[in-house]
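A quick write-up on the structure given underneath.
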Amino acid sequence: MEDVLVVKNLKTQFFIYEGVVKALEDVSFSVGKGEVLGIVGETGCGKSVTAYSITRLIPDPPGRVVGGEVRLGNLDLMRNIKDEARFVQKKRIKIKHNYRVIRNNELFFNTIRGKYISMIFQEPMAALNPVYTVEDQIAETLLLHNRTRLLKIMKSASGHLSELEKWRDGGEIEIFDDELGEEIDKIKKTARGVESIRFHQDLLIEGANGFSKKMQKYEEMLKKSIEHDELEDRLLTDPNPTTQQEIIKRLAKESKKVNLIKMSKQMKRNKKDPLLIEGRRESFSLLESVDIPNPRGVLKSYPHELSGGMLQRVTISIALANNPKVLIADEPTTALDVTVQAQILKLLRDLQDAIGTSIILITHDLGVIAETCNRVAVMYAGNIVEMAEVKELFRNPKHPYTIGLLQSIPRVDDPNKTLKTIPGNVPNLINPPQGCRFHPRCPFVFDRCRVEKPVSIEVSKGHTVECHLFSGKVNAE
Amino acid sequence: MSKVLIDAVGLRKYFPIKGGVAGRTLGYVYAVDDVNVKIYKGETVGLVGESGCGKTTLGRVLLDLAEPTAGVLFYNPEDSVSNKVSELYKNLKTNKPSELKKEEKKLVEEAKKADVYRNKKRNREFRKKVQIVFQDPVSSLDPRMLIKDIIAEPIIINGVPTEDGKRKKIKGDELLNYIKEMIGEMGLNEDHLFRFPHEFSGGQRQRIAIARAISIRPEFLVLDEPTSALDVSVQAQILSLLEHLQQKYEMTYLFITHNLAVIRAVSDRVIVMYLGKVVEVSRTDDLFANPIHPYTQALLSAIPVPDPERKRNIVVLSGDVPSPANPPAGCRFHTRCRFAEEICTKEEPKLEEIKEGHTAACHFAREIISGQKKPAEAPKFSN
Ligand SMILES: Nc1ncnc2c1ncn2[C@@H]1O[C@H](COP(=O)(O)OP(=O)(O)O)[C@@H](O)[C@H]1O
Ligand SMILES: Nc1ncnc2c1ncn2[C@@H]1O[C@H](COP(=O)(O)OP(=O)(O)O)[C@@H](O)[C@H]1O
Ligand code: SF4
Ligand code: SF4
Ligand SMILES: [Mg+2]
Ligand SMILES: [Mg+2]
C-alpha cells in the first residue's frame, strides 16, 4: 500500500514554568492510501499533541516540535523545523525563535492545512466561528482553498446562458436575487439532466455580452488558479528538496500577493462577490453530501442553533470540501450520544469509500476503533507502544499496557467479564519514568525496563511492539 | 423478591421556559413526564438514555433535590399504600397538574401522609438516608475546602447511624478517626485528607466524592454518570470500588449513565428513557438479549463493540432527538421509529408488562418481538 503520510521520530515538548513536558517522546507511524488508522490511548497520552504536531497547531509558546519528520508525499513538513528556534540551556531552557522562518512556515502550512490535511475536533464549535452562518463559513473555506472548483463551476454556468434565458422568458424562472434557494429547486426540476448547472444572477441580468467581460476576468483567474494548484501538487510529488524549496518560495510570494486573510475580509464585506455567491451555492451540495436533512435551513443557521451531531456533520463537510489526502479526526464522536456517534461513524466510512481520503481517527474508545479502523496504534505517555492490523491487535495484543486496557473495558457483549484494573495513574510527563514509561504500572517489569527505553520490534508482519519482553534477549515466557 | 425501597408514582418535572417582556412562561421543557419508578432493596438499577432525556432530572427529583411538578414518592413504603396510589396515578388522563379532576386531587391528598415530598417528618428522615454522586468530580468538590472538611460536612449535618438504628452526631477526634477509616477504604491515605481537591487526579477526586456521599451511610445512592469523565482503566477501579462498598454497606444504587456497557456490567435491572419518558424496564440480561422497544433496539445496536471480528447490524436512527419542549404527540419516538403506524402519532403507548419482568411502552411490542411486524425502510412519520 502506498503511504500517504509518514511520521518518523516525532518529538514534541512544552516548555512551561514547572519544566519541560515531554509530551511526545518518539512517535513513528504511517498512513496508507485510503486507510483508516486509529490512535487509541487514555487522556494525556499524546493523541491530540500528535495530531496538532502534524498540522502545526501546537501553541507556541509553550509547545514546540523539537524533532522528527512528517512526510506528505515526497515533502517533509518538518524539514526546517530546527531553523525555527534555538534552545539555550540556562537555569531553565530558553527558546530563541527565528520569526522569519516561522512566518514563512506558517504561510506554507496555510496551504497544507485544509487542502491536503484537514482536521475535525471533539468540539465542532471550536472549528466554527460563532458569528457567521454555516453557509458563509463553508463558502470561505472553498474560497481559500478551492477557488479552482468555484471558477470552473462559474465557467460551465456561462455555457448554459441561453438555456437559462429560455426558461426565464418562458416564465419558468421568475425572480432572481441572492436568495436563490427555491429558484434552484425549480430549475433543478425543470432542467432535468442539467442539475449540475450553477449560475449567478449577473449572468442573467447582464446577458451574454455584459457577462463575457466579467467571464474573461474569471477565466484569467481560473487559469492562474489551476497553475497554482499544479504548483502545490508538484510540491508533494517532486522528490528534489531544492526544487521543493523553490516552489515553496514561489507559493509564499504568491500567497503574499493574494493575501488570503485580506481577501476573506473583503469577501465578508462584499456579500455580492460572485465567487462568494458561487461558494455559498456550492456549500449547499456539500451539506447534501453529508446527509444533512433540510440543508437550506442549516446553511442559514448560526453554529449555536445546531445540535452537536449536526455541527459535526458541518465540520466534516468543510474538512472534506477539498478532498484532502489525510483527514485527522480528533475524538470526533466523544461528545456525542451513541446513536449520533453511529450516524457520524457511518458517514465517515461512506465518505471515505466515496473519495478515498486516508483517515487518522483518534479516540479513547476501543469499540470505535474496532468498528472503524483498519490499523491501530496504541499510545501510552508519548509513545506508540503497539501497532497492528485491527483484528490482530484485538486477537493477539502483546504490550502489557494494551492487554491491561482491553481487560479494563466493560463489554456490552460479554456481561460476565470481570474487569481488571491497571494499577496507578498515568505519569507526569515533566519527570516521566526512565526507561519504559509504563514500568511503574507494569506487572511484567524487570530491571532492564527501568533503565532502557524499549525500541519498536516487529513480532509478526505489520505488528510492532515497544517492550523489552519481545526484544529476544529476554525470554518472554 | 425483596422489599420495595423507592416507589415513585406519576413523577413529572417541567422546567418553565421564560421569555418575553415580563419574563412570562412561554412553555415548558417536559424533562420528566409521568414516570413511575420502583426500586427494590439492595439492587442496582441502571438508568440509561441519551443526553437530555431526563436522567439527571429524574435522579434529582427522586432525591427531592429538585421539586417535582407532580408525583408522589414513597420511601420504604407499606405495600398497601403505594399500590393504591399507583393505581390512581396509572389512571390519570392528563399531563397538566392544573387539569387534575377534583376526586383525583382528593386521592392525591390522601397520599400525602406517606409521601416523602409532602410529609415533613418523612422528608427529614429520607434526607439522611439518601445521597448522590455527580459526574464531574471537579465542580462537585469545593476547591477551597480541605478533603477532610469536604468529607466531614455531611456527617456534621446528618450524623452517623449507630448500632441501634438511631443516628448520632460525632466530632473532634472521633470524627477525624471516622474519616480516616473512610478514606482508607476508598484507596486513598491519611495524608490526602489535608490537601485540596485540585491536587488530585480525576479518579482520586471521584473517590473523594464517593467517600463524602457514603460517609453518612446512606441506604440509597444515586450515581449520576460517576465514571463518564474517567479513563477506562480508572473507570474499572471506581466500578469495583462501588461494588465493594455496596456489598459492605448494603446500599441500593440508582446508576445513571449513557454508557450501556457500564450499565450491563453493574446493574441488575435497567430503565431506558427517551425524551422524558420511560420506554422500557427489564432485568439487565433480558434487556440486552431481547430488547423490545424500537428505541432500545436502536440504542443497543449503536454501541461500538471492541471486537473487530464481530459484525453488527446497526440500526442507524435518522435525525436528532426532538426538543423536550415540544415533544411529538402520541409515542414520542414515532418521528424516528421504523415500526410507527398511524396510532403511534395519536395515542401514547402505556408501559406494559410484555413478558415476565420485562415492560415496554410500545403499541406494537408483541408484534415486534414475535417478528410479525417488520420495520419499514425509513420512518413513516419523520418530518
Ligand atoms: N498547552 C500545553 N501546555 C503544557 N502541556 C501540554 C499542553 N498541551 C498538551 N500538554 C501535555 O501533553 C500531554 C499530551 O496531551 P494530549 O495530546 O492532549 O493528550 P490526549 O491523548 O488526551 O489527546 C499531556 O501530558 C498534556 O499535559
Ligand atoms: N434547571 C433546568 N432548567 C431548565 N431546563 C432544564 C434544567 N435542567 C435540565 N433541563 C432540561 O431538561 C432536559 C433533561 O435534562 P437532564 O435531566 O439533564 O438530561 P440527562 O441527564 O438525561 O442528560 C433537558 O432538555 C435539559 O435541557
Ligand atoms: S518494557 Fe518492561 S515495563 Fe515496559 S511494558 Fe515491557 S515489560 Fe513492562
Ligand atoms: S411502534 Fe409506535 S409505539 Fe412503538 S416505539 Fe414505534 S412509534 Fe412508538
Ligand atoms: Mg485529546
Ligand atoms: Mg445528566
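Small disclaimer: the values here were computed from a predicted structure and weren't measured. Below, chain A is the first sequence line, B the second, and so on; all start at residue 1.
Considering every non-hydrogen atom in both A:D337 and B:S51, the closest pair reads OD2-OG, 2.8 Å. The nearest pair of heavy atoms linking B:D320 to A:S307 is OD2-OG, 2.5 Å. Taking each heavy atom of B:D231 and A:E42 in turn, the nearest pair found is CB-OE2, 3.1 Å. Pairing each heavy atom of B:V305 with each of A:E371, the nearest pair is N-OE2, 3.4 Å. Taking all atoms of both residues into account, the shortest heavy-atom contact from B:S233 to A:R441 is OG-NH2, 3.7 Å. Of all heavy-atom pairs between B:P304 and A:V368, the closest is CB-N, 3.6 Å.
Heavy-atom pairs under 4.5 Å with chain B peak, among A:L419, A:V338, A:D291, at A:V338. Interface check for chain A: of the options B:S301, B:P308, B:A265, B:A302, the most heavy-atom pairs under 4.5 Å are formed by B:P308. Contacts with chain B were tallied for A:D413, A:L345, A:L336; A:D413 has the most, counting heavy-atom pairs under 4.5 Å.
The closest side-chain heavy-atom distance from A:P410 to B:Q235 is below 4.5 Å. Considering only heavy atoms from C-beta on, B:I314 stays 4.5 Å or farther from A:K346 through its side chain. With a 4.5 Å cut-off on side-chain heavy atoms, B:P306 and A:R411 count as touching.
Few gaps surround CD on B:Q246; more than 12 heavy atoms of other groups in view lie less than 6.0 Å from it.
To the nearest 0.5 Å, atoms CG (B:L241) and OG1 (A:T421) are separated by 11.0 Å. Note that CG of B:L300 is 11.5 Å distant from OG1 of A:T339, once rounded to the nearest 0.5 Å.
Looking only at distances, a side-chain donor or acceptor of A:Q343 sits under 3.5 Å from a matching main-chain atom of B:L317. No donor-acceptor distance shorter than 3.5 angstrom exists from the side chain of B:Q237 to the backbone of A:P423, with no hydrogens or angles considered.
B:S201 touches chain A through its side chain: at least one heavy atom from C-beta onward sits under 4.5 Å away, while N, CA, C and O do not. Using a 4.5 Å cut-off between heavy atoms, B:L239 contacts chain A through its side chain alone, with no backbone atom that close. Using a 4.5 Å cut-off between heavy atoms, B:S318 touches chain A through its backbone atoms (N, CA, C, O) alone.
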